Amino acid sequence: MSRRPKKALAAAAALIVIGAASHAEPMLSDSRGTFGLPGLVDMPTAESAPEGTLGASVFRFAGALRVSMTFQVTDRLSGAFRYSRVPDVFTGGSALYDRSFDIHYRLLDEKGLRPAIAIGLRDFIGTGIYSSEYIVATKTLRPRLRATAGLGWGRLGSKGSIGSPFGDRPPLDFGEGGKANTDQWFRGPVSPFVGLAYQVNDKLTLKAEYSSDAYALETAAGTFARDSSVNLGFDYAINKSASVSGYYLHGSEIGLQFNLLIDPRRPPVPSGLETAPLPVRPRPSPVTEPEAWATDWTSDPEVHPGIQSALVKALAKDGQVLESMALSATRVEVRIRNQRYLAYPQAIGRTARTLTRAVPPSVETFVITSVVEGMPSSSVTLKRRDIERLESEGSLEILRQAEFSDPVRGQNSGLVPTEEVYPRFVWALSPYGEASVFDPDDPFRADVGLQLTGRYEFAPGLILSGMMRKKLLGNLDDSTRVSDSTLHHVRSDLVEYQKQGDPGLHRLTLAWYGRPAPDIYSRVTVGLLERMYGGISGEVLWKPVDSRLALGAELNYVKQRDFDTMFSFRDYDTVTGHASAYYDFGKGFMGQVDVGRYLVGDWGATFTLDREFANGWKVGAFATFTDVSSAEFGEGSFDKGIRLTIPVAWTTGKPSINKVSTVIKPLNRDGGARLDVDGRLYETIRETHQGDMQIQWGRFWR
Amino acid sequence: MSLNSPRIFPRASCLLVLLLAMGLTACGNDTSRTEGTRIAVDVAKGLKSRLFSGKKSPSSQSSADPEALATIALNSFPGPLIMASIDSLGTVSALGEFGRNGDTQTFSTAVQQTMTFRNGLLVGTRGLGHDLMSANLGPADSLIRKRQAGTYKRVYRYLDGEAIERPLPLSCNLTVGEVSDFTFAGTRYSTVQLDEACKVTQLTVNNSYWVTRDGTIARSRQWIGQVIGYVTINLLRSERI
């Protein structure tokens, strides 16, 4: 047995050394291993998933479970978050429920004789049950056959070791978990592993590997028999996004896995299932019909209201609310609230075409101003002749002619508000669902019920809104978990709110949005701000229309609400607030840093990085570091999580501004907790600004 | 995560039924809140119709007689009219002129799906899904109207899955084919067939045009895009009566 690994290692080294000049291509694969990332069975490969794809997989074997979520962050960098169960590893025979993170980076692409090479860390934060590091090479031998050889440390160096080139591996001091185990990386015994993957056809892939994982923990617990180092597996694609995998593990166990792959760039339905835009109506020639170009209508008091009411009706068919309009002999400005199109350029393109059918020929300049929460947040100025000329051309042509500006800097005279836009009242009664995952006693609990929401707008930017929930059915209140936090329970008493707050008034606020100066936006919100806190929240944001950078500041004074989620408060109040910087790095990456004081009075910063797609998909991760020590914080050491936004239109193909957003946090603790106030300014206005609009500009003529 | 607890399955399906039942009760005028429920109901209805009915929905016009449809359209709409049939969608529709801007003309179906033509050549569709956003014709339209052969480049543009506009440049060869006389919806046309073969790497597009002596395209078969494929267009009326 001891000879084969050495041979394999020599082969791996040979593969790494040989290089030849030819075209390098990223090595991609849709076939996953048991850890969710591209791989063989338990062993990794040097492959990556196609850039931007999200994966989910559920792997079961011998009473154990691995649920992994993966994301191909860039062409070369992959990440995974995993929730796993390992049975009977604790004294007393209870199972270990564990969360872990992996990263995988493809260093080199396959080129000529040189294989693709990748480096990776498994379970590099936290309790470290799967902690391992590897360097791996994969080579395409035949178009359908790939061979992999690598070296593993940690768990991947636990069988067939050939020595410890970088010194001993120190014992893991995980404390409360959640810390990167840096002093362990690439230390201790190293073992080679090898494997083959053969793609039989487009649906079926067969795999075999020689594993370097001893499964020491599981065999010691008696839940797993490791009779062989060989693992066999198959992967069968059910369709473009779903596949099943089956394994014969270590000569003793059967494993089954279900995989989903979602590519945000491949919507399940065609987009654009909507009524077509109104075509441009060109103007008559000023030479043959000069009278049509006369401007004497400006003195007729009937014209402005007549055009405005016609426009209100025409724009309403496109889901646009005309809030106000200014019309002169040569210029028209319309202020619109977009209620239908996720991409603002589409709303603006349709409004521009509607205007060509509504305003007299002498009006040459169209200013289309987007209004969000009553705040005019950007103006796009277009020449009418460009709209006429470029209607059937590529969208870049009209983008070159469009001017973006801050409406606060523009002419604000002559705007006539549309009657009957304010006050405005909307309400809805709809079902809701709330789930709790990761609770070791029962990893999935849920409630469903009815939710009543209402929103009353007194005037532009002055909004009273609320949300109430009544549970109909569920088992969230079965939880017997009591927070063990030594800090004040600013967030960790969620279960108490779930138990006692039924029915619950989750939110009842009065918000006032404003534009105090050019490039500046403001918000003041008072009332029951969120499920657990009430008080007052104030925010200002600096964001020029054409800037990649935005800066904001938020200050809140809040009191903790009673568990019954009605009008009474607990004996805890605090001042919390942050200074924030937002930056659009381009290529779909958006970063955010928030520095300030959190709910339990701790000081620190939150770092967020999002990968954003032009169609509205967002996948991001965040981490918060504060002066709460990891011992005080408790399990997990610091607050962190993953967030995901999916536009509803992506799933239906029909136009909609709605999005579904979710935050996946392994733990809800009290350190680094932020107030969850509705309608923060940056997310409210950013889609109307130049950066976001340019990315989505392809929809201007749709 | 329900996998490790088999007893959750009956509970989960119960929740699902309840959610669907509640879906029917969602109401209000705030679409941002009711949309999710509406989608769930649509999905449930779609599933139900798939499971319990083998019939096609009645809105499909695939069985309609084009000549009969043409007569109805000609009698009910006074403006320029075309008839379009899309094989992949199985639809035959009459489209009336909706707008005219220079040398482009936009036609619309009754439910406001549109096709835009420049001198008779398709340069855009809207509302079909996978739409042709725009097209640069090069000299194609003038050659076709003059019934002349030629070689040129043209560009189609689409939105990709991320809704970013992507050009598809093609190299085309236009050839003059046979004389063809036919009658459609009561009008007799004497035409010459022109075939346009366009290529890029693996993709070949074959458009055909039946052009009268005065340059009118009486009938054509034109490519919309990779997903929808081809549309056959018959001219019903070229000018308002």
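Below, read A as the first sequence line, B as the second, and so on, with proteins coming before strands; counting in each chain starts at 1. Given the structure is predicted, the values throughout are model-derived calculations rather than measurements. Side chains included, hydrogens not; waters and symmetry mates left out as well; all remaining heavy atoms used.
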Open item on the list: Give the interface residues of residues 159-167 of chain B toward chain A, defined by a heavy-atom separation under 4.5 Å.
Closed with: B/L159, B/G161, B/E162, B/A163, B/I164, B/E165
Task: Side chains of A/S392 and B/R118 in contact at under 4.5 Å (non-hydrogen atoms) - done: yes
Task: Contacting region of A/I695 [heavy-atom separation from chain B under 4.5 Å] - done: backbone
Task: Residue, of A/P267, A/G394, A/G52, that accumulates the most heavy atom pairs under 4.5 Å with chain B - done: A/G394
TODO: For chain B, find which of A/K659, A/E393, A/R455 contributes the most heavy-atom pairs closer than 4.5 angstrom.
DONE: A/E393
- [ ] Among the options A/S271, A/P264, A/P270, pick out the one with the most heavy-atom pairs lying under 4.5 Å from chain B.
- [x] A/P270
- [ ] Measure B/T116 against the heavy atoms of chain A and call it side chain, backbone, both or neither at under 4.5 Å.
- [x] side chain
Task: A/R281, part contacting chain B, at a heavy-atom distance under 4.5 Å - done: neither
- [ ] Determine the option with the most heavy-atom pairs under 4.5 angstrom with chain B, choosing from A/V280, A/T453, A/L273, A/L396.
- [x] A/T453
Open item on the list: If I compare all heavy atoms of B/R100 with all of A/P282, which pair ends up nearest, and what's the gap?
Closed with: O-CD, 3.1 Å
Task: A/Q339 versus chain B, the contacting section by heavy-atom distance below 4.5 Å - done: neither
Task: Winner by heavy-atom pair count (cut-off under 4.5 Å) against chain B, out of A/G653, A/G63, A/P277 - done: A/P277
Open item on the list: So which residue, A/G616, A/A428, A/A343, ends up with the most heavy-atom pairs under 4.5 Å with chain B?
Closed with: A/A428
Open item on the list: Between A/T275 and B/R126, is there a side-chain heavy-atom distance shorter than 4.5 Å?
Closed with: no
Open item on the list: Looking at A/A276, is its backbone amide N or carbonyl O close enough to the side chain of B/Q112 to form a donor-acceptor pair, meaning the two atoms are under 3.5 Å apart?
Closed with: yes
Task: Flag, side chain of B/N29 to backbone of A/W427, donor-acceptor distance under 3.5 Å - done: yes
